[in-house]
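Following: one structure in structure tokens, then a few remarks.
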Amino acid sequence: MKIHSSSKLPREFYTREVLEVAPELLGKYLVKENGKKTFKGKIVEVEAYDGRIDQAAHTFTGRTPRNEIMFGEGGYFYVYFTYGAHYCCNIVTGKSGEGTAVLIRAVEPVEGIEEMVLNRYKKRSAAGNKELYNLTSGPGKVCQAFGIDKRDYGLDLTGDVVYLLDNRQIPGEKIAATQRIGVTRSAELLWRFYIKDNPFISKR
DNA sequence: TACTAGATCGGCT
DNA sequence: GCCGATCTAGTAG
């Protein structure tokens, strides 16, 4: 029996306003069960997207097959493919019809690190410090390391494949809010949140 | 350290 | 056709 294991976040955690959920995701654990392997990382950097007012959100211009899951209620996994090479994963938030989600931009590797190294660098030897910090420090890197792709689109985060584990909340003074990375529209919004001084974030 | 370009392809105009 | 919620390798300073 695991006495100290933290619990899976319930539906109610996700169905709140995206700007309330986003900073609270910091410090929580992202877990992917892959049949035999378990990938686990502490979330250290996120970005909020809100199709109601945010031109950078995929849901801003209305429903399409790709963004359908993001228009559903919170607690589902939105995975998309971009730049012809990378997958990025999001935590859908809010109520049905809103079109809000939080992009997971970086995590701190906790479990399954050897498998992450294999997925990222195609090699089996242990990672050096430089490689370790480069393992999951970006949205495309997180998905590659965890083996997340379009097959994970739409997964229920209260299920057993991909889910989040609770952890004590990061205090506000340890959270930084900045402009989002790589967006051109609605660039003024300070909707990127990360844990200050964490070495696994994508960019300082 | 800082900037630039190339890869590469699905989604949407 | 165009462009992107990216990453990496390359060059210049």
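Naming: A, B, ... by sequence-line order, numbering from 1 per chain.
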Report yes or no: is the cationic atom of A:R16 (NZ for Lys, CZ for Arg) under 6.0 Å from the centre of the six-membered ring of A:F13, at an angle within 45° of the ring normal?
yes
Report the distance from atom OH of A:Y194 to atom C1' of C:dA5, rounded to the nearest whole Å.
18 Å
Stepwise, does the salt bridge (charged side-chain N to carboxylate O under 4.0 Å, His left out) test hold for A:K8 with A:D160?
CA-CA 10 Å; A:K8 209 173 282 185; A:D160 294 320; 2.8 Å; yes
Atom-to-atom span, OH of A:Y80 to P of C:dC3 - whole angstrom:
18 Å
Can you see if the side chain of A:R185 gets near the phosphate of C:dG4 - specifically, an N or O under 4.0 Å from OP1 or OP2?
no
Fit a plane to each ring of A:Y78 and A:H58, take the angle between them on a 0 to 90° scale, and name the class: parallel (under 30°), tilted (30 to 60°) or perpendicular (over 60°).
perpendicular
Side-chain heavy-atom pair A:L30, A:V162 within 4.5 angstrom cut-off:
yes
B:dT1 C1' sits how many Å from A:K203 NZ, rounded?
13 Å
Taking the side chain from A:N119 and the backbone from A:A145, do they hold a donor-acceptor pair closer than 3.5 Å?
yes
Heavy-atom side-chain contact between A:V21 and A:I91 under 4.5 Å:
no
Toss me the dot-bracket line for DNA chain C: Watson-Crick and G-U wobble, both under 3.5 Å, 5' to 3', using | for pairs to another strand and [ ] for crossers.
||||.|||||||.
So, A:E33 and A:Y163: side-chain donor and acceptor under 3.5 Å apart, yes or no?
yes
How does each nucleotide of nucleotides 8-13 of chain C score, in 5' to 3' order, for protein heavy atoms under 4.0 Å: base (B), sugar-phosphate only (S), or none (-)?
S-----
Non-hydrogen side-chain atoms of A:E131 and A:R120 separated by less than 4.5 Å:
no
Does any N or O in the side chain of A:Y194 come within less than 3.5 Å of the main-chain N or O of A:R105, such that one atom is a donor and the other an acceptor?
no
Protein-to-nucleotide contact annotation, 5' to 3' order, nucleotides 2-9 of chain B [B base; S sugar-phosphate only; - none; under 4.0 Å, heavy atom]:
------BB
Side-chain contact test, heavy atoms from C-beta onward, threshold under 4.5 Å: evaluate it for A:V46 versus A:I104 and give yes or no.
yes
Within this structure, what is the CD1-to-P distance between A:I201 and C:dT6, rounded to whole angstrom?
15 Å
Determine yes or no for a side-chain-to-main-chain donor-acceptor pair under 3.5 angstrom, with A:D54 supplying the side chain and A:G51 the backbone.
no
Donor-acceptor pair, A:E115 side chain versus A:F39 backbone, under 3.5 Å?
no
A:E17/A:R52 ion pair, N-O < 4.0 Å:
yes
Aromatic contact, A:F200 with A:Y133 (centres under 6.0 Å):
yes
Taken to the nearest whole Å, CG/A:L189 to C1'/C:dA5 is 13 Å
Can you sort out which residues in residues 174-181 of chain A have a heavy atom within less than 4.0 Å of DNA chain C? Ascending by number, please.
A:I181
Whole-Å distance between C:dG4 C1' and A:Y87 OH?
15 Å
Is there a side-chain contact between A:N90 and A:Y80, using heavy atoms and a 4.5 Å cut-off?
yes
Which residues satisfy the salt bridge (Lys or Arg N to Asp or Glu O under 4.0 Å) test with A:E111, sequence neighbours excluded?
none
Report the distance from atom CG of A:L103 to atom P of C:dC7, rounded to the nearest whole Å.
9 Å
Which residues in residues 49-69 of chain A have a heavy atom closer than 4.0 Å to any atom of DNA chain C?
A:Y49, A:A56, A:H58
